[in-house]
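Each remark here refers to the structure printed beneath this line.
In what follows, residues are counted from 1 in the order of the sequence shown.
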Amino acid sequence: MTSSEPQPAAGPQRPTLLVIGDSLSYYGPKGGLPADHPRIWPNIVARELDWDVELVARIGWTTRDAWWAMTQDPRVWATIPRAGAVVLAVGGMDTLPSPLPTALRETLRYVRPPRLRRVVRETYGWLQPRLSPLGWPVALPPRVSVDYLETIRESLAYMRPDLPVVATLPSVHRSEQYRAVHRGRPAAARAINRWASEKSVPLVDLGEAVHADIHSGDANPDGIHWGWNGHSEVAAAMAEAVRMVRRDARLAAEDIR
């Protein structure tokens with residue numbers, strides 16, 4: 001085909017589910033998985049809606065990291081124009097006990113030489129579970145988490161007033177790394193609920209969806225990440241939430257078949 005020949009008409013573009021998350025978005029019962037793994041919840045939701053999906057996530061991400069992804073990741077910029085909905089699947093890491101400064105954990109990778117880095121990392125790993133029963137401080141206070149969520153929502157509304165946003169309540173855990181302590185969750189859940197109610201943002205309660213799974217023998221042995229039942233339950237709740245804000249989700253899928 002030459003440039004002078006007529007080009008085929010482009011068909012309707014499939015909506016994209018933009019998920020900004022943490023490792024709960026892509027870890028399974030045995031560890032981290034590629035973004036296109038069919039059994040992680042973002043891909044289950046995308047199949048259910050007959051949408052595409054763009055997963056932007058890393059282990060340990062908080063709501064602050066989600067904001068940084070919004071401002072620094074060109075994948076996010078490229079996806080927003082074609083997004084059918086945005087899911088902010090962050091906030092769980094914010095609620096975990098962080099008696100040692102979060103900045104210390106984030107900068108361990110930069111310690112040189114490697115021998116010193118290993119010593120510092122091992123020391124951090126030894127101290128974290130022993131200090132976690134204090135339950136305080138958490139990685140991010142609820143007020144700060146909500147500020148970042150609202151900044152993200154406002155920014156998306158400025159760029160795409162029609163773009164729905166779905167947020168999440170923190171998951172639950174039984175991790176020995178944190179001595180199964182999760183005292184920061186109730187305050188964070190209350191703060192996120194208030195914000196979501198004020199801004200009419202649908203919420204998916206990850207803790208409720210995965211509680212049975214995380215306490216079963218099928219979840220990841222680390223006590224934080226879920227098994228396949230957890231991913232399935234979250235996907236079902238998330239698909240329903242997206243349909244609440246995109247009543248045309250099924251119709252859009254039918255139109256592009």
Worksheet item: Is any NZ, NE, NH1 or NH2 atom of the basic residue among Asp22 and Arg58 found under 4.0 Å from an Asp or Glu carboxylate oxygen of the other?
Response: no

Worksheet item: Sub-3.5 Å donor-acceptor pair from the side chain of Ser25 to the main-chain atoms of Gly21, do we have one?
Response: no

Worksheet item: Thr79: what forms a side chain to side chain donor-acceptor pair (under 3.5 Å) with it, not counting sequence neighbours?
Response: none

Discussion item. Less than 4.5 Å apart, side chain to side chain, heavy atoms only: is that true for Val90 and Thr168?
Written reply: no

Worksheet item: Is Trp67 reachable from Val19 through a run of I, L, V, M, F, W or Y residues, each pair having side-chain heavy atoms under 4.5 Å apart?
Response: no

Practice prompt. Could you tell me which non-hydrogen atom of Val45 sits nearest to which non-hydrogen atom of Met238, and how far apart they are?
Written response: CG2-CB, 3.9 Å

Worksheet item: Going from CZ on Arg14 to CG on Leu49, what distance comes out if it is rounded to the nearest 0.5 angstrom?
Response: 10.0 Å

Worksheet item: For Ala196, does its backbone N or O pair with a side-chain atom of Asn193 as donor and acceptor, under 3.5 Å?
Response: no

Practice prompt. Give, for atom CG of Asp222 and atom CZ of Arg174, the distance between the pair rounded to the nearest 0.5 Å.
Written response: 8.5 Å

Item to complete: Scan for ring-ring contact (aromatic ring centres under 6.0 Å, His included) pairs involving residues 168-204, sequence neighbours excluded, and state none if there are none.
Response: His173-Tyr178, His173-His182

Worksheet item: Is the closest side-chain heavy-atom distance between Leu88 and Leu149 below 4.5 Å?
Response: yes

Fill in: side-chain hydrogen bond (donor to acceptor under 3.5 Å, both in side chains) partners of residues 226-238, not counting sequence neighbours, each pair once
Ser171-Trp226

Fill in: Non-hydrogen side-chain atoms of Ile80 and Leu18 separated by less than 4.5 Å
yes

Worksheet item: Do the side chains of Met159 and Met70 get nearer than 4.5 Å, heavy atoms only?
Response: yes

Discussion item. Starting from Ile192, can I reach Tyr148 by hopping between I/L/V/M/F/W/Y residues whose side chains sit under 4.5 Å apart?
Written reply: yes

Discussion item. For the CZ atom on Arg115, are there more than 12 heavy atoms of other groups (residues, nucleotides or ligands in this structure) within a distance under 6.0 Å?
Written reply: no

Worksheet item: Between Val56 and Trp61, what is the shortest heavy-atom contact and its length?
Response: O-CZ3, 3.6 Å

Discussion item. Quick one, Leu163 with Val86, criterion side-chain contact (heavy atoms from CB on, under 4.5 Å). Give me CA distance, side-chain angles, the key distance, then yes/no.
Written reply: CA-CA 7 Å; Leu163 182 58; Val86 176; 3.5 Å; yes

For residues 26-41, which side-chain N or O atoms pair as donor and acceptor with protein atoms under 3.5 Å away, sequence neighbours left out?
from, atom 1, to, atom 2, distance (Å)
Tyr26, OH, Ile59, N, 2.9
His37, ND1, Arg39, N, 3.1

Item to complete: Using atom types as modelled and distance alone, determine if a side-chain donor or acceptor of Ser197 lies under 3.5 Å from a backbone N or O of Arg194.
Response: no

Practice prompt. Just jot down the side chain to side chain donor-acceptor pair (under 3.5 Å) partners of Asp65, sequence neighbours excluded, or say none.
Written response: Thr62

Worksheet item: About how many Å separate CD1 of Ile224 and CD1 of Ile214, when rounded to the nearest 0.5 Å?
Response: 8.0 Å

Discussion item. Would you compute the distance between atom OG of Ser98 and atom CG of Leu131 and round it to the nearest 0.5 angstrom?
Written reply: 10.0 Å

Worksheet, complete the sentence: Nearest heavy-atom approach of Leu140 to Ser145 is CB-OG, 3.7 Å

Worksheet item: Of the non-hydrogen atoms in Met93 and Ala139, which two are nearest, and what is the gap between them?
Response: O-CB, 3.3 Å

Worksheet item: Quick one: ring-ring contact (aromatic ring centres under 6.0 Å, His included) pairs with a partner in residues 85-112, sequence neighbours left out?
Response: none

Worksheet item: By salt bridge (charged side-chain N to carboxylate O under 4.0 Å, His left out), which residues pair with Arg160, not counting sequence neighbours?
Response: Asp162

Worksheet item: Is the closest side-chain heavy-atom distance between Val165 and Pro202 below 4.5 Å?
Response: no

Discussion item. Let me check something: do Leu24 and Ile20 share a hydrophobic cluster, defined by ILVMFWY side-chain heavy atoms less than 4.5 Å apart, either directly or through other members?
Written reply: no

Fill in: Arg183 (side chain) donor-acceptor with Pro133 (main chain) under 3.5 angstrom
yes

Practice prompt. Please list, chain by chain and in numerical order, all residues satisfying side chain to side chain donor-acceptor pair (under 3.5 Å) with Arg153, sequence neighbours excluded.
Written response: Glu150

Worksheet item: Just wondering, are more than 12 heavy atoms of other shown residues or ligands nearer than 6.0 Å to CZ in Arg82?
Response: yes

Worksheet entry | Test item: Thr16 and Val53 side chains (from C-beta on) under 4.5 Å apart, heavy atoms | no

Worksheet item: Is there side-chain contact between Gln177 and Ser132, with heavy atoms separated by less than 4.5 Å?
Response: no

Which atom pairs, donor and acceptor, lie under 3.5 Å between side-chain atoms of residues 203-210 and protein residues at least two apart or in another chain?
from, atom 1, to, atom 2, distance (Å)
Asp205, OD1, Arg185, NH2, 2.9
Asp205, OD1, Gly207, N, 3.0
Asp205, OD1, Glu208, N, 3.1

Worksheet item: Considering all heavy atoms of both residues, which atom of Pro97 and which atom of Pro99 are nearest to each other, and what is their separation?
Response: C-CD, 3.4 Å

Worksheet item: Are Val87 and Trp51 connected in the hydrophobic side-chain network, where two residues link if heavy atoms are under 4.5 Å apart?
Response: yes

Fill in: Side chain Arg117, main chain Pro113, donor-acceptor under 3.5 Å
no

Worksheet item: In chain order, what residues pass the salt bridge (charged side-chain N to carboxylate O under 4.0 Å, His left out) check against Arg75, with sequence neighbours excluded?
Response: Asp73

Discussion item. Taking Glu48 first and then Arg243, would you say they form a salt bridge - that is, a charged N and a carboxylate O separated by under 4.0 Å?
Written reply: yes

Worksheet item: Listed by chain and number, what are the salt bridge (charged side-chain N to carboxylate O under 4.0 Å, His left out) partners of Arg143, not counting sequence neighbours?
Response: Asp147

Discussion item. List the residues meeting salt bridge (charged side-chain N to carboxylate O under 4.0 Å, His left out) with Asp218, not counting sequence neighbours, and say none if there are none.
Written reply: none

Item to complete: Locate the shortest heavy-atom distance separating Gly84 from Pro164; write the atom from each residue and the value.
Response: O-CD, 3.3 Å

Item to complete: Is it possible for you to say whether Ile44 and Leu17 belong to one hydrophobic cluster, with membership spreading through side-chain heavy-atom contacts below 4.5 Å?
Response: no

Worksheet item: Is there a side-chain contact between Val138 and Leu96 (heavy atoms, below 4.5 Å)?
Response: no

